[in-house]
Amino acid sequence: MYTIKFICEELNIRPLISNDLSSKISELVYDSRKVNNPDESLFFALKATRDGHDFIPDAYKKGIRNFVISNPVTFFEGKNDVNVIQVDNVLQFMQELVAYHRNQFQYPIIGITGSNGKSIVKAWLFQLLIPEKKVYQSPKSYNSQLGVALSLWNLGPQYDLAIIEAGISEPGEMSSLQKMIQPNIGIFTNIGVAHSQNFSSKQEKLKEKMKLFSQVDTLIAGSDYIDTEQIDANIRLVTWGRTDRDQIQLIQEETHNQLSKLKIRIGEVICICQVPFTDRASIENIMSCIACMYFMGYDAETIVERIQNLKPLEMRLQLKKGINNSSIIDDSYSNDLASLKISLEFLNQQNQHNSKTLILSEMEGLAESEKLQQKLIGLLNSSELQKFIWVGNKYPWLKDIEIDLMKEYATTEEFLEHLTELNLSNESILIKGARKFQFERIVQRLALRSHGTVLEINLNAISNNLMLYRSLIPKNVKLMAMVKAFSYGSGSFEVANLLQFSKVDYLTVAFADEGVELRTAGIALPIMVLSPDRDTFQSLIQHNLEPEVYSMDFLHEFIEFLEEQKINDFKIHLKLDTGMHRLGFFPSEIDAVVEKLKSQKQVRVQSFFTHLVASGDPNQDEFTTSQISSYLTAAQKLEHGLGYKFIKHVANTSAIVRWPQAHLDMVRLGIGLYGVDMDKNLMNLEQVSCLKTTVTQIKELPAGETVGYDRKGVLNRDSKIATVKIGYADGYARRFGNSVGKMQINGFLAPTVGNICMDMCMLDVTGQDVQVGDEVLVFPDLMQAASDIGTIPYELLVNISSRVKRVYYYE
């Protein structure tokens, strides 16, 4: 543990403001929403999409008193209880501090980079080496400039070895990662297409990645991915590949029934190894692991035995619906203090239940390290848990954990035997365990069953898309997020929780019932309701939902209702019709609206808005300009008439990008948040949802046979037909039948055969290696799928049935 004085002395800097330089620092904080131990936290005001200096008051309110800044901060004026370090570059200062911390440990550090497979190789190596060594692995996909720094900060003396992954997206990034990690051993997984758009060539990208290994003693890599002549002669090179020049040679590979039988030469020993993977990426990742174990001195027999016991890893934290109206956060593939902290932060974002529960297994190194024990106790005591369930050895120090309801079980089996007695219901449950405890068995008991079709929703992608759009608007412009229609098919409170955590300014729903559901789930953000009616007036009031007001009749009725309820100054949002001609007042009605509003006190205009009809279409720019002009004229008249200001907003998703002059006071982000770029203007927008199903049965049918209802699927050749678990009741439209729709299985596109059934459909997989249980990607290209049936992506997303299980994941 360091002090502010020690940090300043070692990094040769004088504090700008000093109060208590003996303040201890054990936590590095960059997000004011994620504060676990404020007394020992150092807040870094990083400049990214949002400027960390803006959140210093929030961090101070959370109890943090130690700060690193680059800009002058007036907030500190008159504060005599803070320590402030001012530097030119806050991130660089953090990285220098972390590099110093890393240098305190002399055990080997494995640095992993590549275009794909970094996290899998890291997690598998952890499993393979853990029987003999105390291994630290960087949590999740923490491989960025910030993520690597946070990962390395968790290094401690209790470990024998650390595995750190490093990722880059553009030239010039790897040098700073190398200076922090300073790996002794390097693993290069591959060179692929990820982030290729930011490099002039494949060679430039490879050269940048290889900078991580500039000071390693040993480099482990596939011989096809590197130029061995460019490797420094002082670096020991351990390669895997298909030639006899490689230390690890893949001699032969056979696949059958989702298994691969590998004939491998490990050094001088030829072995047969069977693994539950058939895809090329997994086989390459296995070869990297074998090469690393070989370098570390493991014999061929031990390597094969452990490799054969590898299982597919779910590398992502997942949010699932559970039994008894619970929410299950499945993070059961690994367990260490750093990843536990991340998982608890995600648990704390969940507001749909009043009760939060943690099911936690023992973690590596905990028995021997009193420091690790104290950190765990502090983390749990600062959490918002109502229940804590411990699986593992019953240590005396567990009594220091201050959680109201605590249970202890020696094994997972003992826990499962007593599961019904715990009465887990109406709560958010985080399941976090080391692999050897097999917590996936707990997940299977607590999560609702799926019929094989799931919609996976990437919460990181939503967050990244939100930040991307935020970067396009000025800091003082508010952001309203559209969560109507089940968040465009992506979910309700699951998405709203993330948006609330991300501090958007407003949410918008289509109907009052959607708003009520969010309020019931603990969403406190302001919510605008687009299509209210008289039947919902009571719900609007009861749940503090703010209605769109679009006509004089509705305005009269709502004012009368509020008058009866003796309610004043209730917030409303006036809609102006400038060309959509769906709902809204005409500009000619504004005088009457002003007259009515000035004669009452029941409502107050919170915002005034209009809907741009074609803001993404350059051919309609003249009409869009006229809409904006008409709106501004009406807004000026309304504001002058009412005598007070209100929020002005016209920009939808397309206008955020194409019409910066229309940003005004607030923008409305809709389909773009969910990864659909209708105008193809944003290169870095990320796909949010992925609809997947599985193969149920495979049939070999002769030419002339028919498939499906009404015998529409006529086979003109001997065919192999796969039945998959999705139909029009799941939202896969009948229009996709008869070869119109195409799904992806094992990398190839399979057209539909015959009519789409209610619960299933059939695909032509003739000539392809497809097995029962294989995963099927329903919409490999959402835009193309929508075009194929003459619609838009909106329709495909919102029509995905509620019976399709949603699985939310966070990496």
Side-chain angles (χ1 to χ4, degrees), residues 1-2 24-29 34-42 62-63 101 105 126 130 133-140 142 150-163 317 329-349 356-412 414-415 428-439 442:
M1 188 178 295
Y2 306 107
K24 295 179 180 179
I25 299 300
S26 63
E27 303 281 342
L28 307 185
V29 176
K34 301 176 180 180
V35 179
N36 296 305
N37 184 7
D39 291 341
E40 296 184 3
S41 291
L42 181 58
K62 292 283 184 67
H101 179 67
F105 307 102
F126 180 88
I130 202 68
K133 300 180 182 298
K134 296 181 178 64
V135 182
Y136 171 74
Q137 59 173 328
S138 51
K140 306 297 181 186
Y142 270 41
L150 297 174
S151 298
L152 290 167
W153 185 251
N154 290 302
L155 293 178
Q158 69 270 28
Y159 300 112
D160 301 321
L161 172 74
I163 309 173
L317 178 154
I329 300 174
D330 177 7
D331 197 17
S332 57
Y333 82 91
S334 69
N335 193 23
D336 57 73
L337 199 64
S339 61
L340 174 61
K341 186 183 301 182
I342 297 168
S343 303
L344 284 171
E345 288 169 353
F346 185 79
L347 174 63
N348 289 338
Q349 292 180 33
K356 292 181 172 63
T357 297
L358 169 63
I359 303 174
L360 180 69
S361 82
E362 189 165 351
M363 58 184 66
E364 194 65 33
L366 194 60
E368 302 87 356
S369 175
E370 184 178 348
K371 183 177 180 180
L372 188 59
Q373 295 165 12
Q374 292 305 311
K375 281 191 171 184
L376 176 61
I377 293 168
L379 179 61
L380 295 180
N381 286 344
S382 64
S383 67
E384 301 174 6
L385 295 169
Q386 282 72 46
K387 296 179 184 176
F388 174 53
I389 298 168
W390 170 262
V391 179
N393 291 322
K394 298 185 178 182
Y395 297 108
W397 50 263
L398 286 170
K399 69 179 187 307
D400 296 328
I401 297 174
E402 300 168 356
I403 297 175
D404 292 342
L405 180 60
M406 181 171 169
K407 296 284 186 179
E408 300 176 41
Y409 301 96
T411 64
T412 303
E414 183 184 354
F415 167 79
S428 296
I429 305 170
L430 169 59
I431 301 173
K432 180 73 173 165
R435 290 291 292 180
K436 67 179 181 180
F437 284 89
Q438 298 181 320
F439 269 19
I442 299 176

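Throughout, numbering of the chain's residues begins at 1 and tracks the sequence. Just so you know, these numbers use all the heavy atoms, side chains as well, and skip hydrogens, waters and symmetry mates.
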Asker: Hey, does the side chain of Asn393 reach the backbone of Tyr395 with a donor-acceptor pair shorter than 3.5 angstrom?
Answerer: no

Asker: Which residues satisfy the ring-ring contact (aromatic ring centres under 6.0 Å, His included) test with Tyr409, sequence neighbours excluded?
Answerer: Phe415, His418

Asker: Can you tell me if NZ on Lys24 sees more than 12 non-hydrogen neighbours from other groups inside 6.0 Å?
Answerer: no

Asker: Mind checking what makes salt bridge (Lys or Arg N to Asp or Glu O under 4.0 Å) contact with Lys341, not counting sequence neighbours?
Answerer: Glu27

Asker: Does Glu402 have any side-chain contact (heavy atoms from CB on, under 4.5 Å) partners at least two apart in sequence or in another chain, and if so, which?
Answerer: Asn381

Asker: Check side-chain hydrogen bond (donor to acceptor under 3.5 Å, both in side chains) between Gln158 and all other residues, then give those that pass, not counting sequence neighbours.
Answerer: none

Asker: Can you list everything that forms a side-chain contact (heavy atoms from CB on, under 4.5 Å) with Phe437? Sequence neighbours excluded, please.
Answerer: Ser361, Glu362, Val391, Thr412, Ala434, Phe439

Asker: Pro38 and Gly63: which non-hydrogen atoms are nearest, and at how many Å?
Answerer: CB-C, 3.5 Å

Asker: Rounded to the nearest 0.5 Å, how far apart are NZ of Lys407 and CD1 of Ile389?
Answerer: 9.0 Å

Asker: Can any side-chain N or O of Ser369 pair as donor or acceptor with the backbone N or O of Leu366 at less than 3.5 Å?
Answerer: no

Asker: With Trp390, which residues qualify under ring-ring contact (aromatic ring centres under 6.0 Å, His included), at least two apart?
Answerer: none

Asker: So Ile342 and Tyr142, side chain to side chain contact (heavy atoms under 4.5 Å, CB included) or not? Walk me through it.
Answerer: CA-CA 11 Å; Ile342 297 168; Tyr142 270 41; 3.3 Å; yes

Asker: Going by the rule side-chain contact (heavy atoms from CB on, under 4.5 Å), which residues pair with Phe126 if we only count those two or more places apart in sequence or in a different chain?
Answerer: Ile130, Val135, Gln137

Asker: Out of the candidates Leu430, Leu347, Leu344, only one should pair with Asp331 under the side-chain contact (heavy atoms from CB on, under 4.5 Å) rule; please name it.
Answerer: Leu430

Asker: List the residues meeting side-chain contact (heavy atoms from CB on, under 4.5 Å) with Asp400, not counting sequence neighbours, and say none if there are none.
Answerer: Ile377, Trp397

Asker: Take Trp153 and Tyr2, measure what ring pair (Phe, Tyr, Trp, His ring centres under 6.0 Å) needs, and give me the verdict at the end.
Answerer: CA-CA 12 Å; Trp153 185 251; Tyr2 306 107; 5.7 Å; yes

Asker: Leu337 vs Asn154, test: side chain to side chain contact (heavy atoms under 4.5 Å, CB included). Steps then yes/no.
Answerer: CA-CA 8 Å; Leu337 199 64; Asn154 290 302; 5.8 Å; no

Asker: For the backbone of Ser151 and the side chain of Tyr136, can you confirm whether one donor and one acceptor N or O come within less than 3.5 Å of each other?
Answerer: yes

Asker: Considering only residues two or more places apart or on different chains, which pairs with a residue in residues 150-162 satisfy salt bridge (Lys or Arg N to Asp or Glu O under 4.0 Å)?
Answerer: none

Asker: Could you please spell out the steps behind the side chain to side chain contact (heavy atoms under 4.5 Å, CB included) verdict for His101 and Leu152?
Answerer: CA-CA 8 Å; His101 179 67; Leu152 290 167; 5.7 Å; no

Asker: Is the shortest side-chain heavy-atom distance between Leu398 and Met406 below 4.5 Å?
Answerer: yes

Asker: NZ/Lys371 to OG/Ser26 distance, rounded to the nearest 0.5 angstrom?
Answerer: 8.5 Å

Asker: Can you list everything that forms a side-chain hydrogen bond (donor to acceptor under 3.5 Å, both in side chains) with Asn348? Sequence neighbours excluded, please.
Answerer: none

Asker: So, for Lys133 and Leu161, which heavy atoms are closest and what is the spacing to 0.1 Å?
Answerer: CD-CD2, 4.3 Å

Asker: So, using side-chain hydrogen bond (donor to acceptor under 3.5 Å, both in side chains) as the criterion, who are the partners of Ser332 when residues are at least two apart?
Answerer: Asp330

Asker: Of the non-hydrogen atoms in Thr357 and Leu385, which two are nearest, and what is the gap between them?
Answerer: C-CD2, 4.0 Å

Asker: Which residue pairs pass the salt bridge (Lys or Arg N to Asp or Glu O under 4.0 Å) test when at least one of the two sits in residues 375-399, sequence neighbours left out?
Answerer: Lys387-Glu427

Asker: Does Ser382 form a side chain to side chain contact (heavy atoms under 4.5 Å, CB included) with Asn37? I'd like the steps, not just the answer.
Answerer: CA-CA 7 Å; Ser382 64; Asn37 184 7; 5.9 Å; no

Asker: Quick one: pull up NZ in Lys62 and NZ in Lys34 and give me the separation to the nearest 0.5 Å.
Answerer: 11.0 Å

Asker: Just so I know, are the side chains of Leu317 and Ser343 near enough to count as touching, which here means a heavy-atom distance under 4.5 Å?
Answerer: yes

